[in-house]
Undergrad: 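Just passing along the structure, written as structure tokens.
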Amino acid sequence: LNLLGELVTSAQVAVQAVQGKDVAVLLGKTGTGKSTLIHAVAKNKVSRGHLLTTVSAERHVYDTGDPLEGFESRHEQKSQTVCAQAFVRERVEGGERKEVVYLDSAGFEDSRGEELDISTAALIQKVAEVCRSMRFVVLISCASLMESRG
């Protein structure tokens, strides 16, 4: 319970960052590329990396250029993202400057336990309460579709 409390408390920074803003929440299992997608949105260099072989599938991993602080990408089943991180992207629409906040969180079914899943769910509820609008971007690994099909 202590870990769960710490995770929910640390997410308050992200909740403050989304207050009154348009938000895109990135969701997916650990390793689906949520943090890597943030790099692409930030126009950071993303390139196709090596081939990763697991018990049931092979997939290419993607490497990022200069890592954005808080959005490290690694190619492990242990999530690098523990507490939610917000990345703000400015855009111009109809001559008006707008911001979209991309929210990255720990992947579901992380090897560190259910506390991460619970804290992510609590975070989404809090974000929904304070943001102007919210969209979900769900990332699914094609390799995971082939796993556990017994």
Undergrad: Distance from Glu90 atom CD to Arg97 atom CZ, nearest 0.5 Å?
TA: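 Reported value, rounded in 0.5 Å steps: 4.0 Å.
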Undergrad: From Arg91 CZ over to Arg89 CZ, what is the distance, rounded to the nearest 0.5 angstrom?
TA: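 One gets 10.0 Å once the value is rounded to the nearest 0.5 Å.
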Undergrad: Cluster question for you: counting only ILVMFWY and a side-chain heavy-atom cut-off of under 4.5 Å, with indirect links fine, are Met134 and Val13 together?
TA: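 Different hydrophobic clusters.
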Undergrad: Around atom CZ of Arg135, are there more than 12 heavy atoms from other residues, nucleotides or ligands closer than 6.0 Å?
TA: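 It does not: Arg135 CZ has 12 such atoms or fewer within range.
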Undergrad: What I'd like to find out is whether the side chain of Leu27 reaches to under 4.5 Å of the side chain of Ile124, using heavy atoms alone.
TA: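 Yes, close enough: below the 4.5 Å cut-off.
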Undergrad: Output the distance between atom NZ (Lys126) and atom CG (Leu123), rounded to the nearest 0.5 Å.
TA: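 The distance works out to 10.5 Å.
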Undergrad: Does Gln125 have any side-chain contact (heavy atoms from CB on, under 4.5 Å) partners at least two apart in sequence or in another chain, and if so, which?
TA: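 Gln125 satisfies side-chain contact (heavy atoms from CB on, under 4.5 Å) with Glu129 once adjacent residues are dropped.
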Undergrad: Nearest 0.5 Å please: distance from the CG atom of Leu103 over to the NZ atom of Lys34.
TA: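 If we round to the nearest 0.5 Å, Leu103:CG and Lys34:NZ are 11.5 Å apart.
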Undergrad: Could you walk me through whether Val23 and Val100 pass the side chain to side chain contact (heavy atoms under 4.5 Å, CB included) check?
TA: CA-CA 6 Å; Val23 180; Val100 175; over 6 Å; no
Undergrad: About how many Å separate CZ of Phe87 and CD1 of Ile38, when rounded to the nearest 0.5 Å?
TA: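 Nearest 0.5 Å value for the CD1-CZ distance: 7.0 Å.
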Undergrad: Could you work out, with side-chain contact (heavy atoms from CB on, under 4.5 Å) as the rule, every residue matching Val137, not counting sequence neighbours?
TA: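 So Val137 forms a side-chain contact (heavy atoms from CB on, under 4.5 Å) with Ala24, Leu26, Leu37, Leu139.
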Undergrad: Give every residue pair that meets the salt bridge (Lys or Arg N to Asp or Glu O under 4.0 Å) criterion with at least one member in residues 15-24, sequence neighbours excluded.
TA: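 Only Lys21-Glu99, Asp22-Arg132 qualify under salt bridge (Lys or Arg N to Asp or Glu O under 4.0 Å).
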Undergrad: State, to 0.1 Å, how close Val101 and Ala17 come at their nearest heavy-atom pair, and which atoms those are.
TA: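 Where Val101 meets Ala17 most closely, the heavy atoms are CG2-O, 3.8 Å.
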